[in-house]
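Data first, discussion second: the structure below is written as structure tokens.
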Amino acid sequence: MLDSLKGKKILILGVANEKSIAWGIADTLHKLGAELAFTYVNAAIEKRLRPLAESIGCQNVLPCDVQSDAELDRLFEELGARWGSLDGVVHSVAFAEREDLQKPFSQTSREGFRVALDVSAYSLVAVAGRAQKMMSAGGSILTLTYLGSQRAVPNYNVMGVAKAALEASVRYLAADLGSQNIRVNAISAGPIKTLAASGIPHFRELLASFAEKSPLRRNVTTEDVANTATYYLSSLSSGVTGEVTYVDCGFSIVGL
Ligand code: 0WD
């Protein structure tokens with residue numbers, strides 16, 4: 001069954017370094033024979049991404065700040081020229097101003113709210129709207145979310161609001177694109193120590209209490225997430241769309 005990823009063309013947004021969740025997913029998809037393309041937001045990320053992509057023999061490394069419609073258009077033009085068609089997208093991008101994660105939520109700035117929602121939620125809509133034009137044989141679009149969309153997790157603040165919008169966007173995109181056999185789903189991952197996570201105050205404490213309280217009594221790994229991502233990007237999940245699957249060692253089912 002997993003042969004179904006062989007030769008599949010999958011675009012991956014959001015590898016910042018080797019600790020990124022998107023890199024864990026990419027590594028697994030590559031091992032299963034998928035053909036990959038990566039994007040970077042700026043020169044600093046490009047410098048870290050290129051050697052990683054080269055380590056798996058991938059030359060498709062393209063610029064894209066998801067806040068720019070022009071850059072998104074250029075990305076899909078270039079991808080169209082290189083690949084012609086597309087089978088999958090991994091959207092693993094989020095951003096909030098550090099100060100908006102440190103202040104009380106009621107003090108969130110208008111601009112901070114706008115930027116967080118734009119980069120972390122609207123970007124999925126912007127990407128899906130362009131990707132669908134290359135998915136004439138159907139496809140799978142996957143994004144990454146967090147429990148802070150459903151519960152008020154300390155310090156997650158405006159990012160929780162952005163993730164709620166992202167999860168709603170998954171459902172509306174799934175309803176919109178389903179008739180073209182394009183599936184849209186999300187993985188809600190437990191906390192993993194990455195670059196983005198380092199911007200969340202007291203993240204270390206969150207990790208420790210997570211490992212103590214989750215049913216599996218451990219933290220989530222990027223491999224855990226990659227396993228479920230493989231399911232979503234392959235035909236193993238052929239009848240599933242609009243879903244949010246928790247890859248969180250069971251944390252979200254516990255009542256304390
Ligand atoms: O605990 C965690 N790490 C969890 C992360 C738990 C549950 C969900 N997630 C989500 C994040 O919210 C995000 O959506 O997983 C996704 C990937 O996050 P990550 O792997 O934890 O973080 P990281 O390795 O930092 O990758 C996210 C990247 C950015 O990194 P930095 O740290 O430079 O902000 O998203 C990219 C960027 O590479 N990014 C952008 N890409 C294009 N355009 C933009 C942008 N404007 N802004 C950020």
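Whatever order the structure lists ligands and atoms in, that order sets their numbers, starting from 1. The first residue of the sequence shown is numbered 1, and numbering continues consecutively from there. All values below come from the heavy atoms of this structure, side chains included, with hydrogens, waters and symmetry mates left out.
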Worksheet item: Of Ala189, Ser68, Ser92, which has the heavy atom at the shortest distance from atom 6 (C) of ligand 1?
Response: Ala189
Worksheet entry | Heavy-atom check, side chain of Leu75 versus side chain of Leu11, under 4.5 Å | yes
Worksheet entry | ligand 1 to Lys163 polar contact by distance, N or O atoms, under 3.5 Å | yes
Worksheet item: Got a donor-acceptor contact below 3.5 angstrom from the Glu46 side chain to the Tyr40 backbone?
Response: no
Worksheet item: Short question: side chain of Asn185, backbone of Tyr232 - any donor-acceptor pair under 3.5 Å?
Response: no
Discussion item. Test your reading of the structure: does Lys19 have an N or O sitting under 3.5 Å from an N or O of ligand 1?
Written reply: no
Worksheet entry | salt bridge (Lys or Arg N to Asp or Glu O under 4.0 Å) involving Glu78 - partner list, sequence neighbours excluded | Arg82
Discussion item. Is it the case that ligand 1 has an N or O less than 3.5 angstrom from some N or O of Phe95?
Written reply: no
Worksheet item: If you measure from atom 20 (O) of ligand 1 to every heavy atom of Asp248, Leu147, Leu144, Ile21, which option wins on shortest distance?
Response: Ile21
Discussion item. Any nitrogen or oxygen of Ala16 lying under 3.5 Å from a nitrogen or oxygen in ligand 1? Just yes or no.
Written reply: no
Discussion item. Check this for me: does any side-chain nitrogen of one of Glu99 and Lys103 sit under 4.0 Å from a carboxylate oxygen of the other?
Written reply: yes
Worksheet item: So which of Asp65, Asn42, Leu195 gets nearest to atom 32 (O) of ligand 1, if we judge by its closest heavy atom?
Response: Leu195
Discussion item. Given Thr145, Val66, Val15, identify the one with the heavy atom nearest to atom 43 (N) of ligand 1.
Written reply: Val66
